Structure formats: C-alpha cells, structure tokens
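Working notes for the structure below.
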Amino acid sequence: MWSGPPQPDQGLPPPLAAVPVPWKSTDPCQSHREFPGALVETSAGEEAQGQEGPAAAQLDVLRLRSSSMEIREKGSEFLKEELHRAQKELKLKDEECERLSKVREQLEQELEELTASLFEEAHKMVREANMKQAASEKQLKEARGKVDTVLFAEFQAWRESPTLDKTCPFLERVYREDVGPCLDFTMQELSVLVRAAVEDNTLTIEPVASQTLPAVKVAEVDCSSTNTCALSGLTRTCRHRIRLGDSKSHYYISPSSRARITAVCNFFTYIRYIQQGLVRQDAEPMFWEIMRLRKEMSLAKLGFFPQEA
C-alpha cells in the first residue's frame with residue numbers, strides 16, 4: 001500500500017515520473033495523445049475555416065443576387081420587347097379594323113343608295129306601265145266606239161251562222177277588201193290557182209331543198225329557178241316553194257309572196273276554227289282578232305313582212 005511520496009532523507013532513488021519515457025498508448029485517440037501539437041494545429045485550422053466560411057457564403061449570396069438581378073433585367077427587357085411588339089401588332093390590327101369598318105360603312109351606304117335607286121326605278125317603271133296600259137285601254141275604248149257598226153253587225157250576223165260561203169256580206173267584204181288584193185299577183189294564171197288552193201285548204205308551203213325538183217312553167221316564167229319568183233316574176237332569192245293540192249309540181253316563191261299567202265291562210269284558219277266551234281269567246285274579242293288578221297293582210301299586201309319570211 002502506498003503511503004505518500006518518499007522522503008528525501010530516506011535515500012531512495014528519484015521517482016520514476018521524473019525520468020522522461022516515451023509514451024505509447026493503444027487508445028483510439030492515440031494521435032491526440034501522441035502528437036499534442038497536432039491538436040493545436042487542428043484547432044487553429046478549424047478556427048481559420050470558421051473565419052473564412054461566412055465570407056465565402058456572403059460571396060455566394062452576392063453572386064446569386066447578381067445573377068438574379070441579371071436574369072430579372074434580361075427578363076424585363078424581353079417582356080418589354082414582347083409588350084412593344086404586341087402593342088405594335090394591336091395598333092396594326094386596330095388600324096385594319098378601322099379601315100374595314102370604313103369599307104363596310106361605305107358599302108352599306110352604297111347598298112342603301114342602290115336599293116333606293118332600284119326601288120325608285122321600279123316604281124317609275126310600274127307607273128309608266130300603268131299609264132301606258134291606261135292609255136291603251138282608253139284608245140281601245142275610243143277605237144271600239146268609232147268602229148263602223150255596219151262591220152260589227154255583219155260579223156254578228158255571220159257569227160250566228162258561220163259559213164265559208166263568200167257570198168255572205170261579212171266574207172264578201174273581206175274577200176273584196178283584203179283577200180283579193182293580197183293574192184293578186186303578176187302571174188294571173190298561177191294567182192287563180194293559189195287562191196283556189198287557199199280557199200280549199202290544199203296549199204302547201206315548204207322550205208327549198210338543196211336538190212332540184214321537177215317544176216312547171218307558168219306564163220313563160222321558169223318556176224324551177226330559185227332566183228325567180230313564180231308569182232311576181234321578179235328576180236328574187238326564193239327560200240320557199242308551194243305545191244297545189246296533190247300536184248307533184250313545185251313553184252318557188254319570194255319572201256314577199258310567201259308573207260302575202262301566209263297572211264291569207266292565217267285568216268282562213270281562224271274563221272274555220274270559229275265555224276267548227278273551236279273558238280269559245282264573246283263576239284267582241286273574236287271580232288277584234290279578225291280585224292287584226294285583216295290588218296296583217298293589208299300590211300303584207302303593201303310589202304311589210306318579217307325578215308325571216
């Protein structure tokens with residue numbers, strides 16, 4: 001048992017603690033115990049790092065702030081450019097809309113003016129048509145009032161008992177004033193034959209064919225020539241020819257002669273319809289239709305006829 005430090009006066013050797021002996025330990029913290037100076041250096045390094053850490057962090061923060069500001073500035077510039085571009089496009093669209101609006105207003109105005117003009121023109125045409133119709137009706141009434149009562153009386157008598165006998169007063173007058181003069185051609189012999197064929201409804205008119213057909217001579221006139229009218233004897237271009245009854249002979253006629261024959265045939269066709277009971281009208285409309293047909297015969301006799309004749 002240890003009882004304290006030895007006394008010097010006992011003549012004992014000095015304590016072992018006074019002799020420097022290298023220290024070696026198997027403890028895990030050997031480095032700290034084996035190199036006491038290293039612990040001091042490590043502490044100094046950690047202190048230095050502790051001093052440099054805030055500066056580096058502050059530098060990183062400054063860099064981040066700088067980058068953030070740069071990004072914001074670039075983003076702001078980009079947004080400004082986009083805003084400027086959008087405003088420019090919007091302005092162009094506004095100008096286009098304004099231009100289209102003006103065009104639409106102009107078109108609407110022109111359409112209104114055109115519509116008004118058309119309505120005015122239509123009303124004017126209606127008024128003119130009504131005035132012309134009223135004038136025509138007035139003239140017709142005046143003409144009917146001036147009609148010779150003798151003519152109408154003759155027609156009324158004939159209508160009560162229609163006949164084709166030309167000795168009745170009505171037909172006798174028409175024969176004398178219209179039919180006879182209209183069918184009175186230069187070639188008298190052929191004129192008589194044509195008149196008889198018209199009265200018997202056996203006359204045929206047909207266009208001229210390209211081939212030459214047999215014909216006969218009447219009063220020294222070459223009827224086979226398409227350049228000479230068989231009725232008038234005049235040199236005319238003949239586009240039609242007539243055939244009498246069942247005869248195989250053809251006579252080339254000019255447009256004027258054809259118009260005269262056609263006018264008379266139209267008259268006889270109408271009075272035949274009346275005789276057969278095919279015309280169901282009052283006496284007055286029938287009378288005026290006959291007067292119109294008589295007018296056509298008078299015009300054809302004077303040489304007025306359609307160009308296609």
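Worth saying up front: this structure is predicted, and the values here are computed from it rather than measured. Values below: all heavy atoms of this structure, side chains included; hydrogens, waters and symmetry mates excluded.
Other members of the hydrophobic cluster containing V103, listed by chain and number, are L107; membership follows side-chain contacts under 4.5 Å among ILVMFWY residues, whether direct or relayed.
Counting heavy atoms from C-beta on, the side chains of I205 and R258 come closer than 4.5 Å. Residues T204 and L244 form no side-chain contact, since every pair of their non-hydrogen atoms from C-beta on lies 4.5 Å or further apart. Between D165 and L171 the shortest side-chain heavy-atom distance does not fall below 4.5 Å. Annotation: side chain of I261 is in contact with side chain of L203 (closest heavy-atom distance under 4.5 Å). A heavy-atom distance below 4.5 Å is found between the side chains of R241 and E206. Considering only heavy atoms from C-beta on, V194 comes within 4.5 Å of L231 through its side chain. Counting heavy atoms from C-beta on, the side chains of E154 and E172 never come closer than 4.5 Å. The side-chain heavy atoms of I274 and M286, taken from C-beta on, include a pair separated by under 4.5 Å.
F185 carries R260 over the face of its six-membered ring, with the cationic atom under 6.0 Å from the centre and within 45° of the normal.
When the side chains of ILVMFWY residues are joined at heavy-atom separations under 4.5 Å, either directly or via intervening members, L299 and V264 end up in two distinct hydrophobic clusters. I290 and L278 fall within a single hydrophobic cluster, where Ile, Leu, Val, Met, Phe, Trp and Tyr are joined by side-chain heavy atoms under 4.5 Å apart, directly or via other members. In terms of hydrophobic clustering, with Ile, Leu, Val, Met, Phe, Trp and Tyr side chains grouped at heavy-atom distances under 4.5 Å, I271 and M291 are assigned to a common cluster. Criterion: ILVMFWY side-chain heavy atoms under 4.5 Å apart, direct or through other members. Under it, L234 and I242 are not part of a common hydrophobic cluster. In this structure, M297 is not a member of the same hydrophobic cluster as L302, with clusters built from ILVMFWY side-chain heavy atoms closer than 4.5 Å.
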### Task
Please step through side-chain contact (heavy atoms from CB on, under 4.5 Å) for the pair K124 and E120, ending with a clear verdict.
CA-CA 6 Å; K124 181 179 179 182; E120 184 179 356; 5.6 Å; no
### Query
What do the steps show when you test V198 against C265 for side-chain contact (heavy atoms from CB on, under 4.5 Å), and what is the final call?
CA-CA 6 Å; V198 171; C265 290; 4.0 Å; yes
### Query
Is there a salt bridge (charged side-chain N to carboxylate O under 4.0 Å, His left out) between E296 and R292 once you walk through the steps?
CA-CA 6 Å; E296 287 186 357; R292 186 187 68 80; 2.6 Å; yes
### Query
Would Y252 and V208 satisfy side-chain contact (heavy atoms from CB on, under 4.5 Å), going step by step from the backbone distance to the final call?
CA-CA 8 Å; Y252 293 94; V208 174; 3.6 Å; yes
### Query
What do the steps show when you test R272 against N201 for side-chain contact (heavy atoms from CB on, under 4.5 Å), and what is the final call?
CA-CA 10 Å; R272 287 192 187 98; N201 197 24; 3.5 Å; yes
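At least one donor-acceptor pair under 3.5 Å links the side chain of H250 to the backbone N or O of K248. The backbone N or O of R63 sits less than 3.5 Å from a side-chain atom of S67, completing a donor-acceptor pair. A distance-only check finds a donor-acceptor pair linking the side chain of S191 to the backbone of M187 [under 3.5 Å]. N266 places a side-chain N or O within donor-acceptor distance of the main-chain N or O of T262, the cut-off being under 3.5 Å. Looking only at distances, no side-chain donor or acceptor of S101 sits under 3.5 Å from a matching main-chain atom of C97. The backbone N or O of L111 sits less than 3.5 Å from a side-chain atom of T115, completing a donor-acceptor pair.
Applying the salt bridge (Lys or Arg N to Asp or Glu O under 4.0 Å) test to E177 and every residue at least two apart in sequence or in another chain returns R173, R294. Every salt bridge (Lys or Arg N to Asp or Glu O under 4.0 Å) that E96 has, sequence neighbours left out, goes to R99. Under the ring-ring contact (aromatic ring centres under 6.0 Å, His included) criterion, F155 pairs with F170, F287, sequence neighbours left out. Scored by the side chain to side chain contact (heavy atoms under 4.5 Å, CB included) test, E82 finds F78, R85 as partners (sequence neighbours excluded). Legend: residues meeting side chain to side chain contact (heavy atoms under 4.5 Å, CB included) with N130, ordered by chain and number and at least two apart, are V126, Q133.
Ion pairing between E128 and K132 fails under the 4.0 Å rule for side-chain N and carboxylate O. At a threshold of 4.0 Å, the pair E70-K74 counts as salt-bridged, since one of the basic side-chain nitrogens sits closer than that to a carboxylate oxygen.
Looking at every heavy atom in both residues, C229 comes nearest to S257 through SG-OG, 3.2 Å. Closest heavy-atom contact between W158 and T163: NE1-O, 2.8 Å. Annotation for P162 and Q275: closest pair CB-CA, 3.7 Å, computed over non-hydrogen atoms. In terms of heavy atoms, Y270 sits closest to Q281 at OH-OE1, 3.8 Å. Minimum heavy-atom separation, A283 to Q156: CB-OE1, 3.4 Å. Between R195 and L183 the shortest heavy-atom distance is CA-CD1, 3.9 Å.
Counting heavy-atom neighbours within 6.0 Å of D94 CG, excluding the residue itself, gives a total above 12.
Atom NZ in K88 sits 14.0 Å away from atom NZ in K93 (nearest 0.5 Å). From I71, atom CD1 reaches atom CE of M69 across 12.0 Å, with rounding to the nearest 0.5 Å.
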